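Since we're looking at a predicted model, the values are computed, not measured.
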Amino acid sequence: MVHWSLKRHNSWVQLAGHEGNFKPSERGQILKKFSQVENSCLEALMQDVLRPYVPTYYGVVEKEQEKYIRMEDLLQGLERPSIMDCKIGVRTYLEEELAKALQKPTPRKDMYQKMVKVDPEAPTAEERAQQAITKPRYMQWRESISSTATMGFRIEGITMEGGTVQRDFKQIRTKEQIMETFLSFTRRRKDILAAYQSRLESMKVALQESAFFKTHEVIGSSLLFVHDTKGHANVWMIDFGKTLAAPSHMSLRHDVPWQVGNHEDGYLLGLGNLAETIKSTIHQLEEDQETMDLDQ
């Protein structure tokens, strides 16, 4: 989940579970802890048709003996912004992560605790007896309980304009639940929903033309939805720390199911479902308004 501080002069990001990854920088920029994979992606994206859809990249800097990627602060100039982080794609783990976990599938008590915290009924009788589950089992279960597996995206978290952070979206998986979340997030503002839908549609066109996208497996990446009280609204592609080049003989489609070995991530499946869900949310708003008008 992305949490941006709302202080105007050092608006910066903080990922839950990744404390220390970000530092404030000059106004209009943030520093993210250096990752060679993400740095290479951002460098390449600055030369790609996707450039308008990602934070502007300003190179690498060193601060207090640590290397950081310097990038655009996507909240600059916004008035009391609200933020939603959506993980995009049908899986959030790399093929090599799964393969590595399957080589030594050691039952782990910490993974078991994570599972039962979300759903006490999820473990099998054998797992319950061991009080432990393997990492591959946890990874695949984690995707199955959310909309990741069914719709190709999931809501990770929301920060509302007053700074309230909501992270309890692990088991939201139906279209109706997601529509309700978008209505709450946008405070039922049709103009903001329409701006989001338009941005996703233009992003889809750019993705289909992108040389970078055809040649990269985009895993664990997010779409960041941002709007403010004045009605400014935008969607950005962020987080490329697990975005790897596909084998050189492959051109990825991003709109077909994943099977081990095909490196497909379902990014376009998720984007399409997300755009369609927002379109349905707008339609529901219009129907609700018509009902209210008739009742008056």
Query raised in the report: Does the side chain of E96 reach to within under 4.5 Å of the side chain of L244, using non-hydrogen atoms?
Result: yes
Requested in this report: Taking the side chain as every heavy atom from C-beta outward, state whether R142 and K170 have any pair of such atoms under 4.5 Å apart.
Outcome: yes
Query - Side-chain touch M151/T277, heavy atoms, less than 4.5 angstrom - result: yes
Query raised in the report: What orientation do F185 and Y196 show, parallel under 30°, tilted 30 to 60°, or perpendicular over 60°?
Result: parallel
Query raised in the report: Are any of the side-chain heavy atoms of R137 and T124 separated by less than 4.5 Å?
Result: yes
Report task. Return the set of residues passing side chain to side chain donor-acceptor pair (under 3.5 Å) with E201 (not counting sequence neighbours), or none when no residue passes. Result -> Q197
Requested in this report: Return the minimal non-hydrogen interatomic distance between R188 and L285, and the atom names on each side.
Outcome: O-CD1, 3.4 Å
Requested in this report: Determine the sole option in K87, R154, R91 for which the side-chain hydrogen bond (donor to acceptor under 3.5 Å, both in side chains) test with E143 is passed.
Outcome: R154
Query raised in the report: With a 4.0 Å cut-off, would you call E286 and K190 a salt bridge?
Result: yes
Query - Considering all heavy atoms, the nearest M179-T281 contact - result: CG-OG1, 3.3 Å
Report task. May I ask you to decide if the ring planes of F182 and F225 are parallel, tilted or perpendicular, using 30° and 60° as cut-offs? Result -> perpendicular
Query raised in the report: Do R108 and D110 sit within salt-bridge range, that is, some charged N less than 4.0 Å from a carboxylate O?
Result: yes
Query raised in the report: Side-chain contact, heavy-atom cut-off 4.5 Å: I172 with S147?
Result: no
Query raised in the report: For Q259, does the CD atom have more than 12 heavy-atom neighbours from other residues, nucleotides or ligands under 6.0 Å away?
Result: no
**Report entry** Under-4.0 Å salt bridge between D48 and K214
**Finding:** no
Query raised in the report: Between D191 and R189, does a salt bridge (charged side-chain N to carboxylate O under 4.0 Å, His left out) hold up when you go through it step by step?
Result: CA-CA 6 Å; D191 59 332; R189 283 188 62 169; 2.8 Å; yes
Requested in this report: Verify the distance criterion only: is there a donor paired with an acceptor across the side chains of Q36 and S40 at less than 3.5 Å?
Outcome: yes
Requested in this report: Return the minimal non-hydrogen interatomic distance between P81 and L75, and the atom names on each side.
Outcome: CG-CD1, 3.8 Å
Query raised in the report: Is there side-chain contact between K242 and T92, with at least one heavy-atom pair below 4.5 Å?
Result: no
**Report entry** Heavy-atom pair of closest approach, residues F240 and S221
**Finding:** CE2-OG, 3.9 Å
